[in-house]
Amino acid sequence: MKIIIKKTYEELSKAAADIIKEAITKKPNIVLGLATGSTPIGCYQELIKMHKEGLDFSKVTTFNLDEYLGLAADHPQSYNYFMYENLFNYININHKDIYIPGGTTKNVEESSKEYEKKIKEVGGIDLQLLGIGSDGHIGFNEPGTPLDSRTQLVKLAESTIQDNSRFFKKREDVPKFAITMGIQTIFEAKKILLLASGENKAEVISKALEGPITPQITASILQKHPDTIVILDTAAASKLKKQYQL
Ligand code: PGA
């Protein structure tokens with residue numbers, strides 16, 4: 001695991017976008033795994049800027065980590081909607097090359113298998129972008145998820161419902177279930193880029209990066225991944241025991 005610490009969220013976002021830009025430049029038909037939440041928004045804004053300056057997404061394929069069960073693609077709180085609003089509407093990606101789990105799919109088991117199959121068909125994910133939940137989740141793989149899980153229907157932890165209620169009018173409006181890539185699905189990405197910003201992530205970052213590898217903090221599995229880069233701002237890094245260079 002390579003750990004990079006930046007002073008601010010803006011610097012963190014730029015550093016993440018630079019890594020993605022370099023990867024796209026090297027392999028224009030790259031398969032990217034993408035994340036939602038507030039953390040990657042700055043990185044997406046940088047990528048949009050880079051696109052205006054010529055970065056070409058026309059051959060890129062993307063797979064998103066997760067989607068709320070029960071929210072249609074055009075629901076303002078769906079992750080599908082989020083991705084178009086925060087990135088896809090502003091870059092030249094082919095919409096047919098965008099994959100996001102369907103929140104209103106009739107047969108979740110079947111479509112989860114299809115999702116896995118599609119990832120394999122395109123040769124696997126080259127670069128997976130991740131945030132981390134305050135309970136240590138990656139995707140929506142909540143504490144207790146077996147580390148060999150694949151894309152599936154999951155129940156959201158109460159802490160996640162609480163964290164995400166800020167995006168909904170009422171806490172009761174937050175869906176209780178979601179479809180998420182599994183931990184094994186994520187782990188198979190050739191390269192992983194985990195971002196965390198702010199003091200509220202400091203505790204979980206110290207557990208995930210310096211604690212034992214455990215299904216209780218699903219991000220901890222990344223300690224075993226052969227090519228993971230973690231980019232933190234100083235606030236998110238503030239509880240790490242080891243000293244890292246800025
Ligand atoms: P956040 O969410 O970026 O909004 O903090 C992270 C996550 O839950 O993965």
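When a ligand or atom number is given, it counts from 1 through the structure's own listing order.
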Q. What is the nearest protein non-hydrogen atom to atom 3 (O) of ligand 1, stated with its residue, atom name and distance?
A. T39 OG1, 2.4 Å
**Q.** Pairwise distance CZ(F88) to CG(N80) - rounded to 0.5 angstrom
**A.** 8.5 Å
Q. Quick one: are the ring centres of F167 and Y68 less than 6.0 Å apart?
A. no
**Q.** Ring centers of Y90, Y44 separated by less than 6.0 Å
**A.** no
Q) Against heavy atoms of G131, which atoms of ligand 1 measure under 4.0 Å? A) 9 (O)
Q. Hey, is the main chain of K96 close enough, under 3.5 Å, to the side chain of N94 for a donor-acceptor pair?
A. no
Q | Interfacing atoms of ligand 1 (cut-off 4.0 Å, heavy-atom, G133) | A | 7 (C), 8 (O), 9 (O)
Q: Could you find the nearest protein heavy atom to atom 7 (C) of ligand 1 and give me its residue, atom name and distance?
A: H137 NE2, 3.4 Å
Q: Decide whether an N or O pair under 3.5 Å exists between T36 and ligand 1.
A: no
Q. Under a 4.0 Å heavy-atom limit, does I132 contact ligand 1 with its side chain, its backbone, both, or neither?
A. backbone
(Q) If the cut-off is 4.0 Å to any non-hydrogen atom of G37, which atoms of ligand 1 fall inside it? (A) 3 (O), 4 (O)
Q. Any salt bridge between K49 and E46, counting N to O under 4.0 Å?
A. yes
Q | Centroid-centroid under 6.0 Å between F187 and H225 rings | A | yes
**Q.** Heavy-atom nearest neighbour in the protein, as seen from atom 5 (O) of ligand 1, with distance rounded to 0.1 Å
**A.** K201 NZ, 2.5 Å
